Protein chains: 2
Amino acid sequence: MATMHDVARLARVSVSTVSYVLTGARPISQATRDKVRAAMAELEYQPHAMARGLASRRSRILGLLLPIDDRGLGATETAFVTGAASAASAAGYHLVLSPVDADDLDGLRRLASQRMLDGALLMEVQLDDDRVAVLREAGVPLVLIGRTGDTTDLSYVDIDFDRTVHDAVAHLVGLGHRRIVYVNHSAATIAEGYGPALRTRDAFAAAMAEHGVEPLMIPAEDSAAGGRAALATAFDRAPDLTAVLAMNERAVFGILGGLAGRGLTVPDDVSVVSMVTSPQVAELATPALTAMTSPGSALGRIAVEALLRHLELDSAPIHQELLPCTLEVRGSSGPPGRPTGDTTGAADAADPEASGTTSKNTARRRAATRRRA
Amino acid sequence: MATMHDVARLARVSVSTVSYVLTGARPISQATRDKVRAAMAELEYQPHAMARGLASRRSRILGLLLPIDDRGLGATETAFVTGAASAASAAGYHLVLSPVDADDLDGLRRLASQRMLDGALLMEVQLDDDRVAVLREAGVPLVLIGRTGDTTDLSYVDIDFDRTVHDAVAHLVGLGHRRIVYVNHSAATIAEGYGPALRTRDAFAAAMAEHGVEPLMIPAEDSAAGGRAALATAFDRAPDLTAVLAMNERAVFGILGGLAGRGLTVPDDVSVVSMVTSPQVAELATPALTAMTSPGSALGRIAVEALLRHLELDSAPIHQELLPCTLEVRGSSGPPGRPTGDTTGAADAADPEASGTTSKNTARRRAATRRRA
DNA sequence: ACGGTTAGTCGAAGCGTTTCGACAGACCGT
DNA sequence: ACGGTCTGTCGAAACGCTTCGACTAACCGT
């Protein structure tokens with residue numbers, strides 16, 4: 001493997017000159033630069049990452065700190081990770097995946113003092129997250145994905161839950177729904193201060209108030225069974241509900257199953273909209289889910305770019321950005337249909353070639369015929 | 001930040017002694033070791049990763065080379081990634097995520113010559129994968145996840161597709177099914193030599209032959225629509241089919257939808273078993289899918305451990321290991337029921353509290369009553 | 001013609017480790 | 001009492017780069 005020395009010798013210049021050609025830290029004449037470039041090409045020179053890192057005190061490595069979770073990453077988180085990785089890679093940086101237990105602060109401190117990370121992205125941030133303080137003390141620039149309660153002087157990117165909920169509610173209200181139930185994460189999750197659950201809860205209340213309708217909210221465990229249970233509660237509390245807005249990717253499938261079990265069809269009898277969902281997951285349901293698509297990979301990219309800006313100029317202003325999920329209408333939402341209590345919802349008869357779109361349209365048409373308003 | 005020098009001074013020993021305490025490369029007396037340890041603790045010393053990497057020529061960084069895919073990672077791949085990350089982390093290594101376009105061999109070469117990676121894990125290996133040669137030339141030890149066609153001298157971990165298919169078929173045949181259709185990945189995917197598609201295809205033919213029944217195989221695009229289309233073809237070719245074995249996590253949901261659309265219930269009319277699937281995804285379906293659960297995170301762990309063994313001793317024997325997916329019976333498989341053509345499959349009447357298990361059992365019981373054999 | 005910039009290059013001193021050779025003692029069998 | 005092997009420690013030389021200070025030559029306005 002060729003070193004800078006070899007290049008310098010071949011180009012008949014000093015090592016420092018080669019370095020300057022590479023980094024542009026000082027002006028080098030065109031002629032010399034060409035010579036050096038030629039030598040590098042001939043020797044297939046590649047700078048040694050560790051040596052460069054040691055000398056320059058910049059590793060060009062970014063850390064992605066993900067809590068070593070019980071249930072692994074969802075599709076949204078995965079998209080975030082790959083988005084961040086590509087962005088880092090495009091900028092000539094490396095992204096290391098560091099699973100650190102959320103409350104292993106010593107481990108985190110150790111990681112930070114190894115001086116291997118130029119900066120870090122912190123995933124799954126809690127409203128009150130000690131990791132932030134640890135990283136700051138260690139002098140590691142960071143960007144949060146998500147938000148702590150107090151965001152002063154902190155860069156973050158996060159989903160714009162307010163706007164997302166607002167748009168979702170607007171979609172449903174626009175279709176004519178008045179009785180909308182919001183299925184959130186579990187009570188325990190809410191209690192422990194999980195930001196998205198809290199923020200969407202408040203946003204839902206606000207959005208419903210804005211439309212002058214009463215908000216109904218139900219927590220659900222993150223599972224199909226949880227969704228089913230939540231649905232049962234929902235029907236107890238609001239037998240006349242016509243739409244479900246679900247924050248819970250897992251529960252939503254249980255809700256779908258529960259509706260089918262009651263002989264209710266989607267979207268004719270009940271519309272279902274899923275929050276913060278990836279298209280891949282939305283497409284799995286039948287009918288495909290109308291969903292607020294999470295900007296997973298964009299979040300990753302933006303977070304990395306913001307972090308890099310902090311590294312280039314440490315005077316760079318903090319970056320706080322919220323991205324909304326975008327509404328993608330698929331087959332699971334439509335105008336409210338028959339009055340509730342009508343429970344003759346046998347599945348459509350065989351129509352083997354029916355695509356998602358087709359069935360959506362048929363459903364819509366049928367529902368429209370029956371519309372009460 | 002304290003350096004080794006500081007520690008040495010405080011402990012009144014030489015720097016090299018401190019180093020030996022740390023690495024154990026040479027014997028150090030208990031007394032000295034204690035002094036040094038105390039000094040390190042007092043100064044909160046942490047070795048500087050880059051310096052150590054430069055001097056020792058070992059970065060303690062492993063690369064995870066993932067193709068910069070169109071559709072992102074599935075649940076299985078994600079589990080693999082996190083499994084690998086934790087294993088690396090537990091061994092004191094770091095895992096960098098390097099998205100490299102599968103045919104950007106120059107980029108790969110560049111990455112490898114930066115000497116930043118002690119070793120690499122190669123994901124989504126094709127039967128004939130040039131990346132292997134590039135990495136070998138660059139002298140980067142590697143472990144494949146998946147297999148190339150020729151695996152001489154190559155370490156890999158992969159799913160034991162033979163056994164997985166075999167077990168799945170045995171499960172269905174054991175329940176009494178004879179007419180089983182195998183839904184594979186798309187024809188294009190098969191044509192381009194995607195290992196899992198080819199291997200499962202052959203394994204399915206073999207397993208069916210073993211039971212003396214005729215194999216029927218149908219390719220499907222990786223989407224719900226693809227699944228629906230495949231199902232239609234399947235019914236054309238084998239109107240009497242009673243079970244579907246699907247290799248395609250996306251298509252399987254289309255198949256489920258398609259069956260419901262025809263008024264067929266699962267598993268009473270048709271059993272569905274999904275191959276290489278994560279529990280999380282299997283639970284999304286209603287009824288929950290009987291599936292061959294992929295050993296995603298175990299694969300990641302094992303791959304890392306094998307790679308580390310190569311790094312410690314470069315004479316370490318190559319590691320080739322196949323892990324089967326394990327059968328997890330959920331609600332979508334049962335004994336074959338009514339004769340095909342019976343199409344009165346209205347969904348079960350409202351039973352809001354029905355859990356996956358309960359409905360599975362009821363289904364079983366009902367189906368058993370009707371069994372023909 | 002003169003100090004003052006600026007462009008272009010070089011040599012050397014790090015950066016914080018590991019590792020090699022050397023060496024002093026202790027301990028061995030003979 | 002004698003070479004020989006171990007144990008424990010040290011100093012110094014890498015590892016391959018960046019960066020600082022210094023120097024030369026050219027160019028500026030006056």
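Chain naming here is simple, since letters A, B, ... match the order of the sequence lines and numbering starts at 1 in each. Everything numeric here is computed off the predicted structure, so don't read it as measured data.
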Open item on the list: Can you see whether A:T17 engages A:S14 through a side-chain donor-acceptor pair at a distance of less than 3.5 angstrom?
Closed with: yes

B:A298 meets the side-chain contact (heavy atoms from CB on, under 4.5 Å) criterion, sequence neighbours left out, with B:P295, B:R301, B:L323

note: A:R57, atom CZ; D:dT18, atom C1'; distance rounded to Å ~ 8 Å

Taking for B:S56 and for B:A31 the nucleotide of DNA chain D with the nearest heavy atom, the one nearer the 5' end belongs to B:A31

With sugar-phosphate meaning primed atoms plus P, OP1 and OP2, does A:S19 contact a base, only sugar-phosphate, or nothing at under 4.0 Å between heavy atoms? base

In whole angstroms, the gap separating C1' of C:dG16 from CE of B:M50 amounts to 12 Å

Separation of D:dT18 atom C1' from B:H48 atom NE2, nearest Å, is 13 Å

Q | Check against side chain to side chain donor-acceptor pair (under 3.5 Å), A:T32 and A:S29 | A | CA-CA 5 Å; A:T32 320; A:S29 73; 2.6 Å; yes

In whole angstroms, the gap separating P of D:dG16 from NE2 of A:H5 amounts to 11 Å

A:L22 CG to D:dC17 P, in whole Å, measures 9 Å

Atom CZ of B:R9 and atom P of D:dT9 are separated, to the nearest Å, by 20 Å

* Assess whether atom CD of A:E44 is packed by more than 12 heavy atoms of other residues, nucleotides or ligands within 6.0 Å. => no

From CD of B:Q30 across to C1' of D:dT7 the rounded distance in Å is 14 Å

| query | Does one side chain, of B:D129 or B:T148, offer a donor that lies under 3.5 Å from an acceptor on the other? | reply | no

Side-chain atoms of B:S29 come closest, of D:dT9, D:dG16, C:dT9, to D:dT9

In whole angstroms, the gap separating C1' of D:dC15 from CG of B:L54 amounts to 4 Å

Do A:H319 and A:E321 have a side chain donor and acceptor closer than 3.5 Å? yes

B:R33 side chain reached by B:Y20 side chain, heavy atoms, under 4.5 Å: no

Just the atom pairs and distances: protein N or O near nucleotides 10-13 of chain D's N or O, under 3.5 Å.
residue	atom	partner	partner atom	Å
D:dC10	OP2	B:S14	N	2.9
D:dC10	OP2	B:S14	OG	3.2
D:dC10	OP2	B:T17	OG1	2.4
D:dC10	N4	B:R26	NH1	3.4
D:dG11	N7	B:S16	OG	3.3
D:dG11	O6	B:S16	OG	3.2

